[in-house]
There are 2 protein chains.
Amino acid sequence: MRLSTKGRYAVTAMLDLALNGKNGPVTLAEISENQGISLSYLEQLFAALRNKELVRGVRGPGGGYYLGKSADDISIANIICAVDEWVEFTRCGGRQNCSGGARCLTHTLWDDLSSEIFNFLANISLGDLVRRNLNKKEDEESSLSVVANADSQAA
Amino acid sequence: MRLSTKGRYAVTAMLDLALNGKNGPVTLAEISENQGISLSYLEQLFAALRNKELVRGVRGPGGGYYLGKSADDISIANIICAVDEWVEFTRCGGRQNCSGGARCLTHTLWDDLSSEIFNFLANISLGDLVRRNLNKKEDEESSLSVVANADSQAA
DNA sequence: TATTTACCCAGTAAATCACTTGGTAATTAG
DNA sequence: CTAATTACCAAGTGATTTACTGGGTAAATA
């Protein structure tokens with residue numbers, strides 16, 4: 001698993017798309033404006049996302065991008081793997097020169113940990129994040145006029 | 001959170017240290033040999049780990065590295081943060097130009113997800129991984145002479 | 001004293017990041 | 001039909017990171 005800033009850009013952009021794409025497609029120009037990501041870099045990211053059919057583009061005026069499938073069917077792991085190209089870390093592949101002996105022990109341990117992290121991210125969907133955001137909004141609305149705690153998030 | 005190959009090298013090396021350091025220090029040369037990581041690169045990584053007091057070096061013949069504290073007190077997040085330098089992703093910091101409006105929504109969403117991933121890795125210790133490995137060894141010993149399933153992990 | 005280790009620093013080819021520039025193709029509005 | 005708007009595509013680029021080589025010095029042991 002690889003989780004770099006590139007993957008973060010992709011996740012952030014997809015979140016933007018999920019939140020703003022309820023009624024009609026969202027242009028890359030909008031996402032670029034919203035998230036402060038350069039248009040061409042977004043194009044690169046969305047080319048990868050399109051290849052994995054996580055988004056669907058519509059050309060012409062009024063065009064833009066839709067999610068390729070339901071937000072509940074797109075996991076964070078899906079997004080990151082689309083743009084970040086899963087790299088196999090251990091060169092031994094499990095059964096090469098270092099298999100059997102104590103040599104490869106940490107390799108398999110890392111592989112276990114790695115797939116655990118992957119499963120963790122695979123179990124969080126875009127839909128989850130959107131719903132989480134809606135809940136937060138409800139919380140804020142039900143406890144309005146409480147603006148003083150803007151500083152209490154530094155911890 | 002940033003999870004690159006560099007962090008993986010560090011985690012793998014620390015795992016090696018935790019497994020082989022039961023009786024006496026482990027030299028970087030051994031870890032280099034075991035894990036196929038160049039000696040000088042290990043030195044760089046261990047300089048960072050030493051700064052965070054995750055390892056303790058002993059010079060001279062018979063020297064090497066000890067864990068800086070109990071394996072149970074070293075989390076995977078500790079290790080990765082030591083070598084990979086936590087980078088704040090959202091430039092807005094939560095209350096800059098894009099605060100309030102819908103603009104920063106995905107930023108805070110990402111921050112939530114990010115800290116969730118961090119907590120996940122913070123709750124896995126080196127000790128956990130070592131014990132996981134011991135359990136696996138016991139399993140293998142209790143079900144010996146079953147070697148045929150070496151291919152069944154391709155999926 | 002010689003060896004072994006950690007420790008330190010400068011440099012480097014290759015890759016990656018995030019971006020710019022300059023297009024072409026499809027679709028819609030006028 | 002024309003012009004505008006969007007996705008789509010490709011080449012290049014400075015800055016940074018990666019993983020490494022090579023050159024040391026400092027401390028500890030045999």
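Bear in mind the structure is a predicted one, so any value in this text is a computation, not a measurement. So you know, we letter chains A, B, ... as the sequences are listed, proteins then strands, and number each from 1. These numbers come from the heavy atoms of this one structure, side chains and all, not from hydrogens, waters or symmetry mates.
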Among D/dT6, D/dC8, C/dC19, which nucleotide has an atom closest to any side-chain atom of A/Tyr65? D/dC8
Of C/dA6, C/dT20, D/dA19, the nucleotide closest to the side chain of A/Gln44 is C/dT20
Could you state the atom-to-atom distance from CG of A/Leu17 to P of D/dA7 in whole Å? 11 Å
For the pair made of CZ in A/Arg8 and C1' in C/dC17, what is the distance, rounded to whole Å? 13 Å
Other residues, nucleotides, ligands: >12 heavy atoms within 6.0 Å of B/Glu53 CD: no
Holding to ring pair (Phe, Tyr, Trp, His ring centres under 6.0 Å), I want the full list of residues that pass it with B/Tyr66, two or more places apart in sequence or in another chain. none
Given atom CD of A/Gln35 and atom P of C/dA18, what is their separation to the nearest angstrom? 14 Å
Nucleic acid contacts - residues 49-59 of chain A versus DNA chain D, non-hydrogen atoms under 4.0 Å: A/Arg50, A/Gly57, A/Val58, A/Arg59
Note: for A/Glu43 and B/Pro61 on DNA chain D, the residue whose nearest nucleotide lies more 5' is A/Glu43
Compare the minimum distances between each of C/dT5, D/dC20, D/dA7 and the side chain of B/Thr27, then state the nucleotide with the smallest one. C/dT5
State, to 0.1 Å, how close B/Gly63 and B/Thr27 come at their nearest heavy-atom pair, and which atoms those are. O-CG2, 3.5 Å
Please work out if B/Leu39 contacts a base, only the sugar-phosphate, or nothing of the nucleic acid, heavy-atom cut-off 4.0 Å. nothing
Would you check if there is a donor-acceptor pair between the side chains of A/Asp128 and A/Ser125 at a distance under 3.5 Å? yes
The nucleotide from C/dC17, C/dC7, D/dA7 with an atom nearest the side chain of A/Ser4 is C/dC17
Just by distance, with hydrogens left out, do B/Asn78 and B/Ser75 show a side-chain donor and acceptor under 3.5 Å apart? yes
On the 0 to 90° scale, with breaks at 30° and 60°, tag the B/Tyr41-B/Tyr9 ring pair as parallel, tilted or perpendicular. perpendicular
Over how many whole Å does the gap from A/Phe46 atom CZ to D/dT6 atom P extend? 15 Å
Which nucleotide in D/dC20, C/dC17, D/dA19 has an atom nearest any side-chain atom of A/Tyr41: C/dC17
Base, sugar-phosphate or nothing for B/Ser40? Non-hydrogen atoms, less than 4.0 Å. base
Please report the shortest heavy-atom distance between B/Val130 and B/Ala18, naming the atom on each side. CG2-CB, 3.9 Å
Rounded to the nearest angstrom, tell me the gap between atom CG in A/Leu3 and atom C1' in D/dT17. 16 Å
Whole-Å distance separating the CG atom of B/Leu42 from the C1' atom of D/dT18: 14 Å
